[in-house]
Undergrad: 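One structure is given below, represented as structure tokens, and several questions about it will come after.
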Amino acid sequence: MKKTKRLYNEKYVKRAQNVIGLILVFGIWFVLSNYTDIPNLYLPSPQEIAACFVKYAEDIPGHILSSLYRIAIGFSIGSLLGILMGLMIGWSKNIRNILEPLVEFIRPMPPLALIPLFILWFGIGNKSKIIVIAFGAWVVLVVNTIEAVRNVDPLYIDAAKSLGAGTGDILRTVLIPAITPEIIAGIRVVAANSFGMCVAAEFMGTEAGFGYMIIEGRRFIMTDLLLVGVLLITISSMLVNACIKLIERRITRWVPRREE
Amino acid sequence: MDEQLMLVENLDMCFSTGKGNITALHNLSFDVKKGEFLAIVGPSGCGKSTLINILAGILRPTGGKVVLDGEEVREISPKMGMVFQKYAAFPWMTVRQNISYGPRIARKPKSEIEKITNHYSSMVGLEAYEHLYPKELSGGMSKRVDIARAYANQPEVLLMDEPFGALDDITKKQMQTELLNIWGQENKTVIFITHDLEEAIFLADRILVLRRPKEDQNSLNFIQPVPFSRPREPELRTCGEFVRLKAELSEVMLK
Ligand SMILES: Nc1ncnc2c1ncn2[C@@H]1O[C@H](COP(=O)(O)OP(=O)(O)OP(=O)(O)O)[C@@H](O)[C@H]1O
Ligand SMILES: [Mg+2]
């Protein structure tokens, strides 16, 4: 009983400490922007940002949806292909021999460097943006999945075989569960990357999205609009990360880990 | 009891490594009787793990063969249940899911799966822990899961490679008694590797004593029958005859 209470208090203290850092930065920002002569162009005040949110309240959902649509599609297609291909490469020696050099060659290619090429091939519309995001997700997850499959202890595969499991059973009941924690960790990285790639692709030309808000903010020298764009990305990315973490908690309860 | 179940004939196992060949087993022959408890002992590096991996079909021998029920063993098969030296319960499955793995994979009817799982779960005393994941278990409990899982698949032979090697002395002795009880109830053949002579004598009907193979000598040192009647009580370990047998064997093995 006493111990629970102490743990409870510790949690409280931790929360308070977390908040202190945030308040500190926010306070410095508030003071610098309101009580010094740094021009608003460089550092808009919190109130201005808030006002900007209100001013564009009508348009913001549309921008969020445009970007999230691209991210959701690109991320899903890329991740799925990456995981499937990683599984095949990790599982079959023949496929590995054929495809692994290719993957090793593509792996260091920065997806952003390919944006102009994708625009050339697929046009300036949604397609090229989705493909950049998918490509970025694919690269990370192929490599991640191959590594995860390689890390599966052969002991579990032998154990499953000695209990009568065939290839399909092993895939379903051993390999996939065993690599799930690593895959989810990969997916979290990929989700965060997707936002960056989406914005970069949008910089090349678009009529809606986070990237559009930022570019417009720069073009019309509206630093507050620019920052609103950045904030929206940050918040969306954080929410997505939190969702994945929640799912992760649920399906990887079995993973031995040190308590935080 | 004297019906022959398994036959091991002129087994050779050579590993080729960068520095040349290592002979792990040389011209090893023995048989296993139906329902018996056979222990295998021998000095470190004499090929015990290699042997059990060949029996299980995980390794292919470079010479000779293993015959089970008139059929040569060529690959891993559910006829051979394995309890590994390491903890091998699937970490992503609960205790119950682990124990029911074999019957589920065999796609037995639901009611039968339930029945088998309940039986073996209670046999190793894990009914109260069925919903836990392996990370939440102690070493002894994990080993119980491994044993129950192997039994629940109803193999013809259970192969155990130093299953209690990682346990503390008290837990180990408890597990030995439990294993003997289970073996007594289930009438399944058990082949049990250990480096612990006391464990071998306490558990087995016969003890296969191996030695490091050389050019002119094969892997089998001798086979020692264990004269003690069953059921065996823990006190047996301190009786004179038991201690004498243990001392004798340990002397032979040191040579
Ligand atoms: N995969 C392998 N490759 C090469 N050599 C091996 C391999 N596995 C075993 N050996 C060699 O075969 C011999 C027997 O090994 P094994 O593991 O069967 O011994 P053991 O009797 O189980 O020993 P311990 O009691 O220490 O577990 C050793 O000399 C070992 O180095
Ligand atoms: Mg060994």
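Below, read A as the first sequence line, B as the second, and so on, with proteins coming before strands; counting in each chain starts at 1.
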Undergrad: Are any non-hydrogen side-chain atoms of B:Lys108 and B:Ile116 less than 4.5 angstrom apart?
TA: yes
Undergrad: Any donor-acceptor pair under 3.5 Å linking the side-chain atoms of B:Asp12 with those of B:Thr62?
TA: no
Undergrad: Would you tell me whether B:Glu186 and B:Tyr120 have side-chain atoms, one donor and one acceptor, within less than 3.5 Å of each other?
TA: yes
Undergrad: Taking the six-membered ring for Trp and the full ring for Phe, Tyr or His, determine whether the centres of B:Trp92 and A:Tyr156 are under 6.0 Å apart.
TA: yes
Undergrad: Side chain, backbone, both or neither: which part of B:Ala88 has a heavy atom under 4.5 Å from chain A?
TA: both
Undergrad: Name the region of A:Arg253, side chain, backbone, both or neither, that has any atom closer than 4.5 Å to a heavy atom of chain B.
TA: both
Undergrad: What part of A:Thr173 lies closer than 4.5 angstrom to a heavy atom of chain B: side chain, backbone, both or neither?
TA: both
Undergrad: B:Glu156 and B:Thr189: side-chain donor and acceptor closer than 3.5 Å?
TA: no
Undergrad: Examine the side chains of B:Glu127 and B:Ser121 and answer whether a donor and an acceptor come within less than 3.5 Å of each other.
TA: no
Undergrad: In terms of heavy-atom proximity below 4.5 Å to chain A, should B:Ala152 be classed as side chain, backbone, both, or neither?
TA: neither
Undergrad: Under 4.5 Å heavy-atom distance to chain A, tell me which part of B:Met80 shows up: side chain, backbone, both or neither.
TA: backbone
Undergrad: If I measure from the heavy atoms of chain A, does B:Arg104 come under 4.5 Å with its side chain, its backbone, both, or neither?
TA: neither
Undergrad: Can you tell which part of A:Val255 gets under 4.5 Å to a heavy atom of chain B, answering side chain, backbone, both or neither?
TA: backbone
Undergrad: Quick one: of B:Pro134, B:Pro78, B:Pro103, who has the most non-hydrogen atom pairs under 4.5 Å with chain A?
TA: B:Pro78
